[in-house]
Number of protein chains: 2
Amino acid sequence: MSDHDQSPHLSASSRNGNSGDALPPVGEHARQYETVRNAHETELIEDYVELIGDLLQHRGEARAADIATRMGVSQATVSKMIRRLNELGLVTSKPYRSLFLTEEGQKMAETSRARHDIVLHFLRALGVDDHTARIDAEGMEHHVSNDTLAIMQRFIDEHAKP
Amino acid sequence: MSDHDQSPHLSASSRNGNSGDALPPVGEHARQYETVRNAHETELIEDYVELIGDLLQHRGEARAADIATRMGVSQATVSKMIRRLNELGLVTSKPYRSLFLTEEGQKMAETSRARHDIVLHFLRALGVDDHTARIDAEGMEHHVSNDTLAIMQRFIDEHAKP
DNA sequence: TATCATTGTTAGCCATGGCTAAACTATTTG
DNA sequence: CAAATAGTTTAGCCATGGCTAACAATGATA
Ligand SMILES: [Mn+2]
Ligand SMILES: [Mn+2]
Ligand SMILES: [Mn+2]
Ligand SMILES: [Mn+2]
C-alpha cells in the first residue's frame with residue numbers, strides 16, 4: 001500500500017459540485033463493470049506470457065525460478081500457473097527445462113508487449129517519470145481499449161523525443 | 001470479450017525492434033507486479049463504495065437490488081459483498097433498508113470518485129469518445145498513481161473546454 | 001386483509017490466485 | 001562419486017468473487 005492511494009488532487013472539473021456527471025444508464029453502466037471483470041480474467045495470463053516472451057528475448061531462456069523472482073511470487077504459484085498456460089496451449093514445457101511459447105503464445109506476447117509499450121511510452125510522453133510510468137503501465141495496460149491505444153500512439157508520435 | 005483485445009496498432013516506437021526497453025532490475029520489476037496485485041485487492045471495494053455514494057447522491061438511496069443491476073451481478077453476490085463492506089466499517093445497513101456510508105466510507109467514496117473523474121475527464125480531453133472513455137476509466141482508475149493523476153489534472157486544465 | 005411481486009439473505013458450489021511445507025530432480029562442487 | 005545446493009513439482013490450505021437455488025421479509029394491490 002505504498003503509493004496508489006488517496007489523493008486530494010481534485011481541482012477544477014473534479015471539485016466543482018460535479019453536476020456534470022450523472023449516472024450512466026443501467027445497461028451501459030453494467031457493461032462497463034463487465035468489461036473490467038473480463039479484463040481481470042485474462043490479465044495475469046497476459047502478464048505471464050509477456051514476461052516469458054521478454055525473458056526469452058532478453059535472456060535466451062525463461063525458467064520458472066526467474067519468473068517467480070521477477071513477479072515476486074512463490075515458485076509454487078508459478079508452477080501452478082505454468083500448468084494452466086500449458087492447458088491453454090500458450091506454452092510448452094519440459095520439466096527442468098526452459099519454457100517456450102507456442103505460436104498462439106507468441107502472438108499473445110507480442111500483442112501484450114506492443115500494448116504495454118504504447119501505454120508506457122505514452123505516460124512518459126505525458127511527463128510521468130520513468131519509475132512511476134512503469135508501475136502505472138503494468139496495471140493500466142489491461143484496461144485500455146484499442147481506440148484509446150490508437151490515440152495514445154498518435155500522442156506519442158506528435159510529442160516524440162525533441 | 002467485445003473490445004479490449006488484440007490490436008495491431010503498433011507503430012513508431014513500438015515497432016522498431018524495441019531495443020529501447022530492456023528488462024527492469026528484478027527487485028523493481030517485482031515491485032511493479034506487487035503494486036498491481038495490491039490494487040486488485042481494493043478495486044472492487046472501491047467500486048462498490050463509489051457506486052453506493054453515487055446512488056445516495058443521485059437517487060437518495062442505495063438498495064442492494066440497484067447495485068446488482070448496476071454492476072451486472074447477482075443479488076446474492078451483492079449481499080455477500082455488503083456483509084464484507086460492513087465488516088470493513090465502510091457501510092451501515094439495516095436489512096430491507098437503504099445502505100449508508102460510514103465516515104470512512106464517505107471518504108473512500110469521495111476519493112475514488114475524484115480519481116475516477118480525473119481519469120474520465122482526462123481521456124475525454126485526450127480525444128477519446130465518451131462511451132469508450134467511460135469503459136476505460138472504470139478499469140484504469142485503480143492503477144493510476146497520484147503523480148500521474150496530478151499530471152492528468154494539469155492536462156485537463158490546459159485542454160479545457162475552449 | 002390476503003395475496004403476490006419485489007427485495008434480500010443464506011447455503012453450497014466453483015474457479016482463481018495466493019501461500020507453506022514436503023518431496024523430488026538436476027546440477028554443481030568438494 | 002557423494003554431497004550439497006538449486007530448481008521444480010505436488011499437496012493442502014485460505015480468501016475472493018462469481019454463480020444458482022431455496023427461503024424469508026416487505027410492501028403493493030386486488
Ligand atoms: Mn504488461
Ligand atoms: Mn500488466
Ligand atoms: Mn470508479
Ligand atoms: Mn472501477
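A, B, ... follow the sequence lines: proteins, then strands. Residue 1 opens every chain.
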Spacing between A:D47 atom CG and C:dT16 atom P, to the nearest angstrom
17 Å
Out of C:dT10, C:dG18, D:dG18, which nucleotide sits closest to the side chain of B:R83?
C:dT10
Check whether any side-chain heavy atom of A:Q32 lies under 4.5 Å from a side-chain heavy atom of B:H131, and answer yes or no.
no
Specify the closest pair of heavy atoms between A:D129 and B:D147, including all atoms of both residues, with the distance to one decimal.
OD1-OD2, 4.0 Å
Tested for side-chain hydrogen bond (donor to acceptor under 3.5 Å, both in side chains) against A:D157, the lone hit among A:H159, A:Q153, A:R154 is A:Q153
Set of residues satisfying side-chain hydrogen bond (donor to acceptor under 3.5 Å, both in side chains) with respect to B:E43, sequence neighbours excluded:
A:H40, B:H143
Between C:dT9, C:dG17, D:dG18, spot the one nearest the side chain of B:Y48, thanks.
D:dG18
Does B:S74 have a side-chain nitrogen or oxygen under 4.0 Å from the phosphate oxygens OP1 or OP2 of D:dC19?
yes
Integer-rounded Å distance: C:dG17 P and A:L88 CG:
10 Å
Give me the atom names and distance for the closest heavy-atom approach of A:T102 to A:G89.
OG1-O, 2.7 Å
Distance, rounded to the nearest Å, where A:E46 contributes CD and C:dG17 contributes C1'
16 Å
Check A:L56 against A:L99 and note the closest heavy-atom contact, atom names and distance.
CD2-O, 3.5 Å
Quick one: does B:L85's side chain get under 4.5 Å of B:I52's, heavy atoms only?
yes
Check each residue of residues 61-73 of chain A for a non-hydrogen atom within less than 4.0 Å of any atom in DNA chain D, then write out the ones that pass by number, or none.
A:R63, A:A64, A:A65
Heavy atoms under 4.0 Å, any strand shown: does A:L44 hit a base, just sugar-phosphate, or nothing?
sugar-phosphate
Should B:D47 and B:E50 count as side-chain neighbours, where that means a heavy-atom distance under 4.5 Å?
yes
Separation of atom NE2 in B:H40 from atom P in C:dT16, rounded to whole Å:
16 Å
Establish, with yes or no, whether the OP1 or OP2 oxygen of D:dG27 is under 4.0 angstrom from a side-chain nitrogen or oxygen of B:R97.
yes
Rounded to the nearest Å, what distance is computed from the CD atom of residue A:E41 to the P atom of nucleotide D:dG18?
10 Å
Quickly work out the A:I82 CD1 to C:dG17 P distance and round it to whole Å.
14 Å
Roughly how many Å is it from CZ in B:R37 to P in C:dG17, rounded to a whole number?
12 Å
Can you tell me which nucleotide in D:dG18, C:dT20, C:dT9 comes closest to the side chain of B:T77?
D:dG18
Using a cut-off of under 3.5 Å, enumerate the N/O to N/O pairs linking the protein to nucleotides 21-25 of chain D.
from	atom 1	to	atom 2	distance (Å)
D:dA24	N3	B:Y96	OH	3.4
D:dA25	O4'	B:Y96	OH	3.3

Pair B:I45-B:M81, side chain to side chain contact (heavy atoms under 4.5 Å, CB included): steps then yes or no:
CA-CA 8 Å; B:I45 304 283; B:M81 199 61 186; 3.5 Å; yes
B:E87 has an atom CD; how far is it from atom C1' of D:dA15, in whole Å?
12 Å
